[in-house]
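Everything below concerns the one structure shown next.
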Amino acid sequence: MGINDKPYSEKRDFIRMKIGAPLNAKLAASSDIIEGLCLDLSGGGLQVETKKGLEVGTEAEVEVSSDHGHSPTLKAKTRVARVTTNEAGGYIIGLEILQILP
C-alpha cells in the first residue's frame with residue numbers, strides 16, 4: 001500500500017514505531033528533569049507519556065534509553081508540539097525533534 005492509498009490521517013512523512021522505552025527530558029529553561037515513557041518514535045518526533053504537563057513551545061533535551069541496555073540511546077533537542085491528558089490523569093506529549101545530539 002502506497003502513501004496515496006492511506007487515509008489522510010495516516011499520510012505522514014515518517015512511519016511511527018511503537019517502542020515503550022524510558023525517557024528523561026531536561027528542560028532548556030531550567031534544570032528540571034522530567035521522567036516518562038516514550039510511546040512511539042518517528043523521524044520527525046516522538047510521543048511521550050509523563051505525570052507532569054509541559055507548555056506547547058517548551059524546548060527540552062531528551063534521552064530515550066532501552067530497557068534491554070542497547071546502545072546508543074537516542075539523544076535529541078526537542079520542542080513540545082502538543083499536550084493532551086490521558087485517562088489515568090497523566091499527559092501525552094508530542095515532541096518535535098529539532099536536532100539529534102551526539
Sidechain-backbone polar pair: T58 side chain, V80 backbone, donor-acceptor under 3.5 Å: no

Gap between atom CD1 of I19 and atom CG of L39 - 0.5 Å precision: 8.5 Å

Partner of E35 by side chain to side chain contact (heavy atoms under 4.5 Å, CB included), out of N24, T50, L23: N24

Rounded distance (nearest 0.5 Å) linking atom CG of L74 with atom CG of L101: 8.5 Å

From CD (E61) to CD (Q99), nearest 0.5 Å: 8.5 Å

Nearest heavy atoms of Y91 and V83, plus distance in Å: CD2-CG1, 3.9 Å

Linked, directly or transitively: I100 and L98 (ILVMFWY side chains, under 4.5 Å): no

Non-neighbouring partners of K52 that pass salt bridge (Lys or Arg N to Asp or Glu O under 4.0 Å), sequence neighbours left out: D32

Gap separating the CD atom of E63 from the SG atom of C38, nearest 0.5 angstrom: 12.0 Å

Counterpart residues, salt bridge (Lys or Arg N to Asp or Glu O under 4.0 Å), relative to K77 (two or more places apart): E59

Spacing of CG belonging to L41 relative to NZ belonging to K18, to within rounding of 0.5 Å: 11.5 Å

From OG1 (T85) to CD (E49), nearest 0.5 Å: 11.0 Å

Q47 and D40 side chains, donor-acceptor separation under 3.5 Å: yes

Matching residue for V62 among I97, L95, I34 - test: side chain to side chain contact (heavy atoms under 4.5 Å, CB included): L95

Shortest non-hydrogen contact between A21 and V64, atoms and distance: CB-CG1, 3.7 Å

Set of salt bridge (Lys or Arg N to Asp or Glu O under 4.0 Å) partners for E96, sequence neighbours left out: R79

